[in-house]
Amino acid sequence: VQLQASGGGLVQAGGSLRLSCAASGRTFSNYVMGWFRQAPGKEREFVAAISWSGGSTLYADSVKGRFTISRGNAKNTMYLQMNSLKPEETAVYYCAAGVYYGTNRRTYDYWGQGTLVTVSS
């Protein structure tokens, strides 16, 4: 499956952004989807995941209550609504697809190219 992330940009602290991830090539609903992020000099970290049907979600503790992951299987698209953004959340955000539902990035088989989110203070 091919993934294309978009929606990144520059936002002030406290602002919001909505990321999108468009999938193609295989049956989208066969895959668990996730968002990860990587800040300069840091390891890639889990942000959120959503199950095949969208009925179950997981979040990193740091984003709970502020970020919302969703998917539209009919549109082969996943979203990440990010509210109350903080400067320390400046990173490249990656979408990923896999068959195991969880937070471990090593279980995700397919990755998008990433979209840069910059949060200014």
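What you see is a predicted model; the values in this text were computed from it and never measured.
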Using atom types as modelled and distance alone, determine if a side-chain donor or acceptor of Thr115 lies under 3.5 Å from a backbone N or O of Ser6.
no
Looking at every heavy atom in both Gly102 and Tyr108, which two are closest together, and how far apart are they?
O-OH, 2.7 Å
Of all heavy-atom pairs linking Ser20 and Trp35, the shortest is O-CH2, 3.6 Å
Provide the closest heavy-atom pair for Ala39 versus Thr90 in the form atom of the first, atom of the second, distance.
CB-O, 3.6 Å
Examine Phe67 and Val117 and state if one hydrophobic cluster contains both, with Ile, Leu, Val, Met, Phe, Trp and Tyr joined whenever side-chain heavy atoms are less than 4.5 Å apart.
yes
Tell me, please, whether Trp111 has Arg105 positioned over its six-membered ring: NZ or CZ under 6.0 Å from the ring centre and within 45 degrees of its axis?
no
Hey, does the side chain of Trp52 reach the backbone of Asn30 with a donor-acceptor pair shorter than 3.5 angstrom?
yes
Does the pair Lys42/Glu88 count as a salt bridge with the N-to-O cut at 4.0 Å?
no
Nearest heavy-atom neighbours spanning Leu3 and Ala97:
CD1-N, 3.7 Å
Do Leu10 and Ser120 pass the side-chain contact (heavy atoms from CB on, under 4.5 Å) test, and can you show the C-alpha distance, the side-chain angles, and the key distance before you say yes or no?
CA-CA 7 Å; Leu10 175 64; Ser120 64; 4.2 Å; yes
Relative to Tyr79, does Arg71 satisfy both conditions: NZ or CZ under 6.0 angstrom from the six-membered ring centre, and within 45 degrees of the ring's axis?
no
For the residue pair Tyr31 and Tyr110, does the interplanar ring angle fall in the parallel (under 30°), tilted (30 to 60°) or perpendicular (over 60°) class?
perpendicular
Shortest non-hydrogen contact between Ile69 and Met78, atoms and distance:
CD1-SD, 3.9 Å
To the nearest 0.5 Å, what is the distance between CD (Gln4) and CD (Gln113)?
4.0 Å
For Phe36 versus Thr103, what's the shortest heavy-atom pair and its separation?
CE2-O, 3.7 Å
Against Phe28, only a single residue in Val1, Thr77, Asn76 fulfils side-chain contact (heavy atoms from CB on, under 4.5 Å); can you say which?
Asn76
Roughly how far, to the nearest 0.5 Å, is the CD atom of Glu45 from the CZ atom of Arg37?
4.5 Å
Mind checking the OG-CG spacing from Ser53 to Asn73? Nearest 0.5 Å is all I need.
8.0 Å
Which distance, rounded to the nearest 0.5 Å, do you find between the OH of Tyr93 and the CG of Leu17?
9.0 Å
Does one hydrophobic cluster hold both Leu116 and Tyr94, with members joined at side-chain heavy-atom distances below 4.5 Å?
yes
To the nearest 0.5 Å, atom OH of Tyr59 lies from atom OG1 of Thr68 at 4.5 Å
Checking side-chain contact (heavy atoms from CB on, under 4.5 Å) for the pair Tyr101/Leu58: CA distance, chi angles, key distance, verdict?
CA-CA 9 Å; Tyr101 181 54; Leu58 293 170; 3.4 Å; yes
Starting at CG of Leu80, measure out to CE of Met33 and round the result to the nearest 0.5 Å.
11.5 Å
Using side-chain contact (heavy atoms from CB on, under 4.5 Å) as the criterion, point out the one residue from Met82, Arg66, Gln81 that pairs with Ser16.
Gln81
